[in-house]
Structure formats: structure tokens, C-alpha cells
Amino acid sequence: AQQGRVREKAYGKQKIYFADQEQLPAASDAELRGLDGEIAARSAQLQALQQSCRHMEAELKDLNSSMTTPEIAREIEALRKDCASYTEKLERIKSATNHVTPEEKEKVCREQQLYRREWRRRKRMATELLDAILEGYPKSKKQFFEEVGIETDEDHGVVLPAT
């Protein structure tokens, strides 16, 4: 600062030193335009490199998330074993001799229909009987069921099968 190469400014107890720009040569308009052009070219080059870097990072991310060749080989082997076991199971099912005959199936369906009809009939009878009792009962239906100890299908989540 004493030799004049740098300038000094004091702000309270602090001192700031910076280059003395009066000693630097002044740039001409042509040089400034040249520097501006170089800055623009370098900025474009920077943009292109950043775009390329983003593209390569995305590609790297895709490659890192995909399976490697040994992993794929293990996965293929596991799938082949699964396929073989399912094929074997299918063959056992096809070759089973204990198939249900159409007559047996029809008989079971008729029985189910009969039992379902009986269930509905008995449920309707019980509901009508309980409704008749509840007409003269001073408390609620829920309180009556608790006192008598009646459990309904709905209490247990049972639904009457569809036809």
C-alpha cells in the first residue's frame, strides 16, 4: 500500500486492501467485445457440458437400478424352478382320480340350496317372533338381545349366501 500497488481503505478498526485499478491498462471496445464473445462461447460450452453431465448421470442411475448379469441369471433360474414346480402341480391335478362327477356336484348344489332355504325360513320365523316380543318390551332391541343372550348372524359377520 505504501508503494502504491494496492490501495487501502479503513472501516473502523478493519482495513481492506484491493488492487489499484488506475495502474491497470484500459481495455479497448474491441477487446471488451472479444472478451464478451469468449464469455458467451464458454457459457454455451458450459451449458453443453452440464447437459451432457445430466444425461450421463441419468444413464448411470438407470444402470445402477437395473439388475446385473449374475442377478438376472439367478432370477431366471428361480423362475424356471417355480415354473417346473407349477407344471408338476398342474400335472398332479390333471391326473388326479378323485374328480367330482357332475351328478355329485348337482347333488351338493341341491343340498346347499335346501339348507339355504331352511336357514332363511328359520331366520324369518325368529325375526317375526322377536319383533312380536319387542312390541311390548320397554327397552331397545339391543338391550333385549343382551338380556336374553341372543346372538345374531350380523354379530358374528355371517352373511346369508346368495342364490
Side-chain angles (χ1 to χ4, degrees), residues 1-102 104-106 108-109 111-113 115-117 119-120 123-124 127 139-146 150-163:
Q2 292 174 353
Q3 293 174 1
R5 286 190 235 159
V6 290
R7 295 189 66 190
E8 172 186 340
K9 279 194 175 180
Y11 292 103
K13 293 182 180 180
Q14 296 178 344
K15 293 182 180 180
I16 296 177
Y17 295 92
F18 56 93
D20 186 11
Q21 294 188 8
E22 292 177 5
Q23 295 178 2
L24 297 175
S28 67
D29 286 342
E31 285 179 309
L32 290 176
R33 281 193 297 276
L35 289 173
D36 285 343
E38 188 176 334
I39 289 172
R42 300 270 173 138
S43 294
Q45 184 181 10
L46 174 66
Q47 290 293 331
L49 288 173
Q50 286 176 337
Q51 179 66 27
S52 174
C53 184
R54 280 192 293 272
H55 176 68
M56 288 181 180
E57 285 175 345
E59 187 176 343
L60 177 63
K61 183 179 176 186
D62 287 345
L63 290 173
N64 283 336
S65 66
S66 65
M67 297 174 82
T68 62
T69 304
E71 289 173 338
I72 290 175
R74 285 192 296 271
E75 183 73 19
I76 289 173
E77 187 60 34
L79 291 173
R80 284 189 178 143
K81 286 180 182 177
D82 287 348
C83 185
S85 68
Y86 290 140
T87 304
E88 181 182 320
K89 187 176 180 181
L90 178 64
E91 289 303 318
R92 279 197 319 264
I93 291 171
K94 283 182 178 179
S95 66
T97 57
N98 59 354
H99 291 292
V100 177
T101 63
E104 290 174 336
K105 182 179 177 184
E106 184 62 34
V108 168
C109 287
E111 286 178 2
Q112 183 195 23
Q113 204 170 23
Y115 296 141
R116 188 174 46 237
R117 218 175 310 125
W119 183 0
R120 286 181 190 207
K123 185 172 182 170
R124 186 177 53 249
T127 304
K139 296 181 183 175
S140 71
K141 181 178 183 179
K142 185 176 181 181
Q143 289 173 335
F144 174 71
F145 282 7
E146 285 179 16
I150 297 175
E151 295 177 352
T152 63
D153 293 340
E154 292 77 20
D155 291 342
H156 293 281
V158 177
V159 180
L160 192 64
T163 306

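When atom types are taken as modelled, the side chain of D155 and the backbone of T152 share a donor-acceptor pair closer than 3.5 angstrom. Between the side chain of T127 and the backbone N or O of K123, at least one donor-acceptor pair lies under 3.5 Å.
Side-chain contact check for F18 versus E8: every heavy-atom pair is 4.5 Å or farther apart.
How far CG of L160 is from CD of E154: 9.5 Å, rounded to the nearest 0.5 Å. How far CD of E111 is from CD of E106: 11.0 Å, rounded to the nearest 0.5 Å. To the nearest 0.5 Å, atom CD of residue E71 and atom OG of residue S66 are 8.5 Å apart. Taking CD from Q143 and CD from E146, the interatomic distance works out to 7.0 Å, rounded to the nearest 0.5 Å. The line from CG of L79 to CD1 of I72 is 11.5 Å long, rounded to the nearest 0.5 Å.
The side-chain hydrogen bond (donor to acceptor under 3.5 Å, both in side chains) check on Q14 picks up nothing, with sequence neighbours excluded.
Screening residues 74-87 for salt bridge (Lys or Arg N to Asp or Glu O under 4.0 Å), with sequence neighbours left out, gives no hits.
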Inset, instruction - Could you give me the CA-CA distance, side-chain angles and deciding distance for E38 and R42, then say whether salt bridge (charged side-chain N to carboxylate O under 4.0 Å, His left out) is met? - result: CA-CA 6 Å; E38 188 176 334; R42 300 270 173 138; 3.6 Å; yes
Inset, instruction - Kindly indicate, with the supporting measurements, whether the criterion side-chain contact (heavy atoms from CB on, under 4.5 Å) is fulfilled by E151 and H156. - result: CA-CA 8 Å; E151 295 177 352; H156 293 281; 3.0 Å; yes
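Shown here for F144 and I150, the closest heavy-atom pair between the two residues is CE2-CD1, 4.3 Å. Summarising the geometry of D153 relative to W119, their closest heavy-atom pair is OD2-NE1, 3.3 Å, with the distance given to 0.1 Å.
Heavy-atom neighbours of M56 CE from other residues, nucleotides or ligands within 6.0 Å: at or below the threshold of 12.
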